[in-house]
Amino acid sequence: MTKRSYMAVPFVLGALLLILTGYWGYTQNESRKNLQTNLGNRYQMAFLDLSTHVEKLQVLLAKGLVSSSPEQDLVIFSDIRNEATSAQGDLGQLPLANPALTRTNQYLSQVGDFAYTLNKQRARGKAPTDEDWDKLAQLQEQAGALNQELKKMEVTVADGAFNWGEFRREANEELAVKGRKRGQINLVKLERNMEQFPVLIYDGPFSDHLERVKPRGIKGKVVSREKARNIALQFVDKGEEKWQAVYRGKVNGKIPAHRIEVKPTGAAGVFADISIQGGKIIWFLNPRTVDKENLTMEQARQKAANFLTSRGYGKMAPTYSVKQQNIAYFSFAYLQDNVLVYPDLIKVRVALDNGQILGIEAMGYLMSHAPRKIPEAKVSREQARTMIHPRLDVQAARMVIIPTETLKEIFCYEFKVMLNGQQFLIYINALTGQQEKILEVIDTPNGTLTM
Amino acid sequence: MKKRIGIIITGLALGLLISFGVWQNQEVTAISQSLYWGSKGPNVVQLQQKLKDWGFYRGKADGVYGADTFAAVKKFQQRKGIKADGVAGPGTLKALGLWTAETRTTARKPGTSRGVSNRGDITLLARVIQGEAGAEPYIGKVAVGAVILNRTESGKFPDSLNGVIFQPLAFESVSNGLVWRHTPSADSLKAAQDAINGYDPTQGALFFWNPAKPVSRWIWSRTISTRIGKHVFGN
């Protein structure tokens, strides 16, 4: 063995290492490319599916304008809804930074929703009105514009000239937001076009008018910060300790509010929102952890009811409960003339270790509460009962007001019925005798859910 | 002497190569379905590799569940006292350390208050809360949960919790995988549950952002509803 061959050892080692690193890098790069291609294909598929669904949507909307038979209408409207839902699903898979396609998304929600509304009307024997026809025509025109844009892009995408992976990166770097073109793809421009479409107002949950509902339960004078601090301090369940209230700024949401933090000196704070107008508690939340469970749900419910009464919400009845992590949640609905008003909902959060009230959530109540003029029922309880399938075992009935998806209210009989050991709630309109809604009651170990 | 060094070096190189090879193969993913005679694909490769490691299987890990694999699975089951049916179901896969998928309770949308309420939904929401607002005060966590739920109810976003959370580029912690690296804390779980029960400190916000990080100019054109901790919430 010569000295020179010893010198060669590091070189050989170095060379080997280099080869290995090279190999490693190569395989890494290969697998990265592989993944990128796969991802790109998924995006491609979503985009092409979107384009197909929008095309079908446009055709169906046109058919909806032409059709005038109830049977045809039912089929066409439910197809419209299906296509819109599918298109929305595909849109949600495209790699676009957040604001990019919200308007397009909303358009698809509205089309599906509007078709569903028309379908429900049709099922009740009501033909689309002139106004409905105009709206349908408007939506059809918009679908046409959307379809045209998508078809233009599709040419580039189908060529394979468009790299979704890169597009994604660009979107990440927010270049897409600035509207730079990459190939012929310009989804941002598409979105801008969509933004110019007029708003759509109709009787469905995604109608534009529902975004600007005014709270009905808020009345009275504007309260100062100082006053809001006092209100929060008095409302929150404090126990014996000495607490202080700190002003934490304004909240500019559905109900403009003062945000107050109330806390025992040095401890984690309880936050509360007090409406600027009227000084009502919108919610408060005590983040304390509860480790033990000493109270039964019934005892906790009693605590919650007492708390509500002590804070001026006396006429409330419990409707729903659930228990999670040693905290019980109770929903209470407003009771007027023995009619349960479901939209006026307050939720109470109770600690199961000592019964302290850890929170209240009254947004639903404040948005909808007002003294109601409850009409005379035109259908008697017995008549309403005949609307229920004779095989079902009716266990209880009461009068309620339920909210619709469009925030309207319906005066109903609520029947609790059993089928094969499973509980259902059936709502029969007290004025027309129509069946309005069916809910299934699911008993879980932690509470009762209605769905 | 010269020869020996040569051998050492080749050995070293081989060792390295092998370890690379093994390392390359170790992209273990969770198997969430039963495997049986006729199954094919990467899950079967994983199963075969595992059986091979444990000495129950001598053939090639070729990804085809054939007679040899069937026999190997049966042998393994006998040894472990699992019913020897030759089907690699959850029990067998779990015994092999391959079953990591959580069994989910049937998902349904109850009409309680927020449209979501089953365990799986709460955990998923809690994961995103942990990823996006793990270091935020409690009410900031609830607020992030509320924004996600507000999106499911808005026509501007996908209409399911999954759709909103997995919308590409919607949430940073989902894009970079952070949500899967940390189990949600008790606080995040509690916050998810409060958000589902209707608490919304943002009063209807659809967006939140951290002004300390680079954000698009667009975001500042939103109507700001509130600030909590490091986040700004708006519509």
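Owing to the predicted nature of the structure, the values given are computational and were not obtained by experimental measurement. Residue numbers begin at 1 in each chain, while the letters A, B, ... track the order of the sequences.
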Inset, instruction - Return yes if some donor-acceptor pair links the side-chain N/O of Q203(B) with the main-chain N/O of K254(A) below 3.5 Å, else return no. - result: yes
Legend entry - Q88(A) versus chain B, the contacting section by heavy-atom distance below 4.5 Å: side chain
Inset, instruction - Tell me, yes or no, whether the heavy-atom count around K437(A) atom NZ, taken from other residues, nucleotides or ligands under 6.0 Å, exceeds 12. - result: yes
Inset, instruction - Carefully, step by step, assess Q167(B) and N105(A) under the rule side-chain contact (heavy atoms from CB on, under 4.5 Å). - result: CA-CA 12 Å; Q167(B) 194 179 21; N105(A) 221 319; 4.3 Å; yes
Legend entry - Under 4.5 Å from any heavy atom of chain B - which part of S331(A): neither
Legend entry - Gap between atom CG of N252(A) and atom CZ of F233(B) - 0.5 Å precision: 14.5 Å
Legend entry - Nearest-0.5 Å distance that lies between atom CZ in F157(B) and atom CD in Q106(A): 10.0 Å
Legend entry - Spacing of K156(B) atom NZ and R103(A) atom CZ [to the nearest 0.5 Å]: 8.5 Å
Inset, instruction - Could you check L285(A) against V142(B) for side-chain contact (heavy atoms from CB on, under 4.5 Å), going step by step and ending with a plain yes or no? - result: CA-CA 10 Å; L285(A) 185 57; V142(B) 179; 4.0 Å; yes
Inset, instruction - Under 4.5 Å heavy-atom distance to chain A, tell me which part of T223(B) shows up: side chain, backbone, both or neither. - result: side chain
Legend entry - Residue L206(B) versus chain A: region with a heavy atom under 4.5 Å: neither
Inset, instruction - From the options R349(A), Q324(A), E361(A), select the one residue that forms a side chain to side chain contact (heavy atoms under 4.5 Å, CB included) with N197(B). - result: Q324(A)
Inset, instruction - Below 4.5 Å from any heavy atom of chain B, which atoms of I255(A) appear? Answer side chain, backbone, both or neither. - result: both
Legend entry - Toward chain B, the part of R259(A) with a non-hydrogen atom under 4.5 Å: side chain
Inset, instruction - Sort N235(B) into side chain, backbone, both or neither according to what part of it lies under 4.5 angstrom from a heavy atom of chain A. - result: neither
Inset, instruction - Find the one option among I228(B), I224(B), D194(B) whose heavy-atom pairs under 4.5 Å with chain A are most numerous. - result: D194(B)
Inset, instruction - Select one option (side chain, backbone, both, neither) describing which atoms of L108(A) are under 4.5 Å from chain B's heavy atoms. - result: neither
Legend entry - Minimum-distance pair of heavy atoms, taken over all atoms of G92(A) and P168(B): O-CD, 3.0 Å
Inset, instruction - Using modelled atom types only, decide if a donor and an acceptor are shared between the side chain of K190(B) and the backbone of R288(A) within a distance under 3.5 Å. - result: yes
Legend entry - Interatomic distance, Y329(A) atom OH to Y199(B) atom OH [nearest 0.5 angstrom]: 7.0 Å
Legend entry - Residue part contacting chain B, namely of F284(A), when any heavy atom lies under 4.5 Å: backbone
Legend entry - Note, W283(A) side chain near P201(B) side chain (heavy atom, < 4.5 Å): yes
